[in-house]
Peer 1: 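One structure follows; several queries about it will come next.
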Amino acid sequence: MNNSPDDALNDDGDHQRARREKLAKLNAAGVDPWGQRFDDRSMIQEVRQRAEEVKFKLEDGTLVELPDFDQPDLEYRQWKSDQGPGAEIGPQVRVAGRIILMRPTGKLVFLNLRDMTGDIQIFIGKNQVGEENFALSKLFDLGDLVGVDGRLGRTNTGELTVFAERLHFHCKMLEPPPEKHAGLADVELRQRMRYLDLVYTDGVRDTFLNRTRIVKSIRETLDQESFWEVEGPTLHTIAGGAAARPFTTHHNALDMDLTMRIALELHLKRLLVGGIERVYELGRVYRNEGISPRHNPEFTMLECYQAYGDYESMMDLTEKLVVNAIDAIGGGYKRKFGDVEIDFTPPFARHKYDDLVAQHTGIDPHDADQLTAYAKSAGLDPTGKHPDVIKNEIFEEKVEDTLVGPVFVIDYPASICPLTKRKTDNPAIAERFEMFICGMELANAYTELNDPDLQEQLFKTQLDGQEEEDSMAKMDNDFIKALRHGMPPAGGLGVGIDRLVMLLTDSKSIRDVILFPLLRHID
């Protein structure tokens with residue numbers, strides 16, 4: 001029998017009833033259980049940073065600095081006694097957050113309060129807060145949102161604490177929180193109930209805040225490089241700009257079939273034609289494909305285009321985007337991803353596609369017979385396939401997983417890159433790179449093709465053995481028409497933001513860095 005998410009958290013209705021009884025008591029006491037505006041609060045991290053303002057004041061008014069609380073053998077109660085007559089003083093603070101730990105003991109209650117910046121202990125003494133406030137504390141439950149006015153200080157054990165003087169109620173949690181020890185152990189449950197995952201699973205909130213810092217850094221870097229951010233359409237008439245199967249829908253008023261975008265490329269290139277010479281979009285794209293630790297049906301892409309640049313311009317930009325993102329979240333350029341250490345110290349390595357195929361297989365990557373024979377020996381089926389399709393399958397099977405990186409793989413077979421300009425001295429090679437880290441493709445870039453006649457020809461070319469959804473050879477007549485009006489030579493770049501966040505935050509699955517990943521519906 002399948003349990004509901006509620007059952008997984010707590011199957012005892014007594015907890016809900018007890019919370020609703022306290023809700024009724026709050027209402028009866030004239031306390032709004034859903035809270036009001038609460039001005040002038042400080043974030044808990046800011047309060048913790050004021051710890052040095054806590055002093056010991058002697059009877060003669062002398063202020064004594066508190067001891068180093070990192071000392072393992074410090075006994076703070078004894079330290080205070082050794083100073084002679086006096087009392088601890090500290091700044092008045094106002095905090096608010098969720099109760100994540102509660103320890104009532106007679107006329108004292110200890111709480112641990114959490115906001116988005118951290119945790120802090122709250123001391124509630126009946127003598128300090130008075131009868132009314134102490135009665136209010138008796139209606140608190142784990143998970144409730146409350147506010148506290150009080151003095152910042154230290155308990156006798158040295159714990160930084162807000163000594164409450166007045167309490168405020170902001171929101172009653174009617175569902176019980178996860179059990180203290182079991183927590184949210186089920187991965188799918190954590191993804192379905194991300195709101196609880198953020199509160200109760202260590203490190204999750206930091207991961208998503210770091211995601212925001214990474215995205216912010218990307219925008220800042222592109223702004224510094226004079227790129228302009230735009231918003232393109234998410235509904236397309238043609239699924240172009242990538243090799244992927246689209247989601248389809250239908251517009252009733254116009255009576256026309258549409259697809260959700262699988263890439264941002266072709267509309268951004270239209271803007272190059274229109275004279276926006278450095279342009280980018282950071283947005284969601286949608287691909288109707290399998291789900292894996294590295295794939296989600298909707299994900300976030302960065303695509304940017306630079307007039308009068310090329311794929312080497314994009315390599316320099318990609319390196320700068322990644323390095324600046326690391327600087328934004330801290331932790332240094334040598335970072336763990338699972339059991340692997342990745343060294344992001346620039347410059348990143350650059351290797352040619354054919355050289356890597358030769359290095360890892362021992363065959364001549366230009367010899368069709370050798371490619372076919374090797375594919376068969378590796379368990380791949382080369383029947384009826386173009387040699388470059390066979391070579392790319394060998395690359396994916398034998399090379400990609402060896403690329404710890406970060407490494408730029410450059411100069412791909414032109415026949416599998418229909419949107420890419422060819423090398424002037426070798427038209428069989430496309431000026432394209434992919435950046436790999438730990439076997440994952442993180443970025444893809446081209447020297448963009450701006451010859452409308454060649455582009456039209458390549459859109460019509462379907463390589464033997466290549467599935468339609470695996471090909472970018474999809475005709476977009478309006479895009480061809482736009483190219484005929486003149487698109488400057490340019491470099492173009494696409495970066496998978498979710499994968500970048502995975503790598504920089506040591507997250508094992510793409511679902512761990514998407515706040516609300518798509519999950520199968522349950523009743």
Side-chain angles (χ1 to χ4, degrees), residues 1-36 38 44 95-116 118-126 128-148 161-162 164 166-205 515-516 519-523:
M1 181 177 71
N2 291 328
N3 291 331
S4 71
D6 292 348
D7 292 333
L9 286 176
N10 196 308
D11 57 6
D12 187 355
D14 290 343
H15 289 276
Q16 284 91 343
R17 284 193 292 272
R19 286 169 178 266
R20 288 194 174 272
E21 286 173 4
K22 290 184 180 179
L23 175 68
K25 290 178 180 179
L26 287 166
N27 281 314
V31 176
D32 183 354
W34 312 116
Q36 299 292 335
F38 195 59
I44 287 173
V95 295
R98 188 180 296 272
I99 300 171
I100 60 166
L101 190 64
M102 188 162 59
R103 304 178 301 281
T105 56
K107 294 184 178 181
L108 300 179
V109 179
F110 285 93
L111 307 177
N112 277 27
L113 208 61
R114 175 175 294 170
D115 70 12
M116 69 177 293
D119 301 357
I120 198 163
Q121 180 170 266
I122 309 295
F123 172 95
I124 304 172
K126 185 174 183 179
Q128 288 76 21
V129 299
E131 292 280 353
E132 185 177 335
N133 277 272
F134 198 71
L136 177 61
S137 74
K138 293 298 184 180
L139 301 179
F140 290 175
D141 281 309
L142 287 176
D144 287 353
L145 298 168
V146 302
V148 178
T161 299
V162 177
R166 186 180 178 191
L167 303 177
H168 309 266
F169 205 92
H170 294 309
C171 187
K172 169 59 72 176
M173 182 174 178
L174 297 179
E175 293 284 338
E179 293 181 12
K180 179 180 178 182
H181 298 293
L184 288 170
D186 183 89
V187 173
E188 183 172 320
L189 184 64
R190 289 175 50 197
Q191 294 163 356
R192 288 188 185 279
M193 308 184 80
R194 185 69 83 192
Y195 44 91
L196 290 184
D197 192 29
L198 288 163
V199 174
Y200 293 107
T201 307
D202 290 341
V204 170
R205 185 185 296 154
L515 279 168
F516 301 103
L519 299 166
R520 192 183 301 276
H521 177 72
I522 60 173
D523 294 328

Peer 1: Taking everything shown except Lys107 itself, do over 12 heavy atoms lie less than 6.0 Å from its NZ?
Peer 2: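 Atom NZ in Lys107 is not packed in, count stays at 12 or less.
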Peer 1: Do Asp115 side-chain atoms and Gly118 backbone N/O form a donor-acceptor pair below 3.5 Å?
Peer 2: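 The answer is yes, because a donor-acceptor pair under 3.5 Å joins these two groups.
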Peer 1: Name the residue from Val146, Leu23, Leu145 that meets the side chain to side chain contact (heavy atoms under 4.5 Å, CB included) definition with Lys172.
Peer 2: Leu23
Peer 1: Check Arg20 against Leu174 and note the closest heavy-atom contact, atom names and distance.
Peer 2: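 Nearest pair, atom of Arg20 first, then Leu174: NH2-CD1, 3.5 Å.
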Peer 1: Could you check whether any side-chain N or O of Arg114 sits under 3.5 Å from a backbone N or O of Val199, counting only pairs where one atom can act as donor and the other as acceptor?
Peer 2: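 Yes, Arg114 side chain to Val199 backbone: donor-acceptor pair under 3.5 Å.
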Peer 1: Report yes if the side chains of Arg190 and Val204 come closer than 4.5 Å at any heavy-atom pair, otherwise no.
Peer 2: yes
Peer 1: Out of Arg194, Arg192, Gln191, which residue meets the side chain to side chain contact (heavy atoms under 4.5 Å, CB included) rule with Phe516?
Peer 2: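 Only one of Arg194, Arg192, Gln191 forms a side chain to side chain contact (heavy atoms under 4.5 Å, CB included) with Phe516, namely Arg194.
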Peer 1: Kindly check if the number of other-residue, nucleotide or ligand heavy atoms within 6.0 Å of CZ (Arg205) is above 12?
Peer 2: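 Yes, the 6.0 Å shell around CZ holds more than 12 heavy atoms from other groups.
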Peer 1: Is the closest side-chain heavy-atom distance between Leu142 and Met173 below 4.5 Å?
Peer 2: no
Peer 1: Are Ile122 and Val95 close enough that some pair of their side-chain heavy atoms sits under 4.5 Å apart?
Peer 2: yes
Peer 1: Between Gly125 and Phe134, what is the shortest heavy-atom contact and its length?
Peer 2: C-CD1, 4.2 Å
Peer 1: Looking at Ser137 and Ile124, what are the two nearest heavy atoms and their distance?
Peer 2: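 Shortest heavy-atom contact: CB-CD1, 4.1 Å.
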Peer 1: In the structure I gave you, are the side-chain heavy atoms of Val31 and Lys25 within less than 4.5 Å of one another anywhere?
Peer 2: no
Peer 1: Closest heavy-atom contact between Trp34 and Cys171?
Peer 2: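 Here Trp34 and Cys171 meet closest at CE3-SG, 3.8 Å.
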Peer 1: Compare all side-chain heavy atoms of Leu167 with those of Phe140 and state whether any distance is below 4.5 angstrom.
Peer 2: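 Counting from C-beta outward, Leu167 and Phe140 do come under 4.5 Å.
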Peer 1: What's the shortest heavy-atom distance between Lys22 and Asp141, and which atoms?
Peer 2: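 Between these two residues, the closest heavy atoms are NZ-OD1, 2.9 Å.
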Peer 1: Could you please spell out the steps behind the side chain to side chain contact (heavy atoms under 4.5 Å, CB included) verdict for Tyr200 and Met193?
Peer 2: CA-CA 11 Å; Tyr200 293 107; Met193 308 184 80; over 6 Å; no
Peer 1: In Å and rounded to the nearest 0.5 Å, what is the NE2 to CZ distance from His170 to Arg98?
Peer 2: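 Going from the NE2 atom of His170 to the CZ atom of Arg98 covers 12.5 Å.
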Peer 1: Closest approach of Lys138 and Gly106, non-hydrogen atoms and distance?
Peer 2: NZ-O, 3.6 Å
Peer 1: Taking C-beta and beyond as the side chain, do Phe110 and Leu101 meet within less than 4.5 Å on heavy atoms?
Peer 2: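 Answer no - side chains too far apart.
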Peer 1: Hey, could you give me the CZ/CG distance between Arg103 and Leu111, rounded to the nearest 0.5 Å?
Peer 2: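 So the CZ of Arg103 and the CG of Leu111 are separated by 8.0 Å.
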Peer 1: Do Pro33 and Asn27 make a side-chain contact, defined as non-hydrogen atoms from C-beta onward lying under 4.5 Å apart?
Peer 2: yes
Peer 1: Measuring from atom CZ of Phe169 to atom CG of Asp144, what distance do you get when rounded to the nearest 0.5 angstrom?
Peer 2: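 The CG atom of Asp144 is 4.0 Å from CZ of Phe169, to the nearest 0.5 Å.
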Peer 1: Within the structure provided, determine whether Met102 and Val109 are in side-chain contact (heavy-atom separation under 4.5 Å).
Peer 2: yes
Peer 1: Is it true that, when you exclude Arg520 itself, more than 12 heavy atoms of the residues, nucleotides or ligands shown sit nearer than 6.0 Å to its CZ?
Peer 2: no
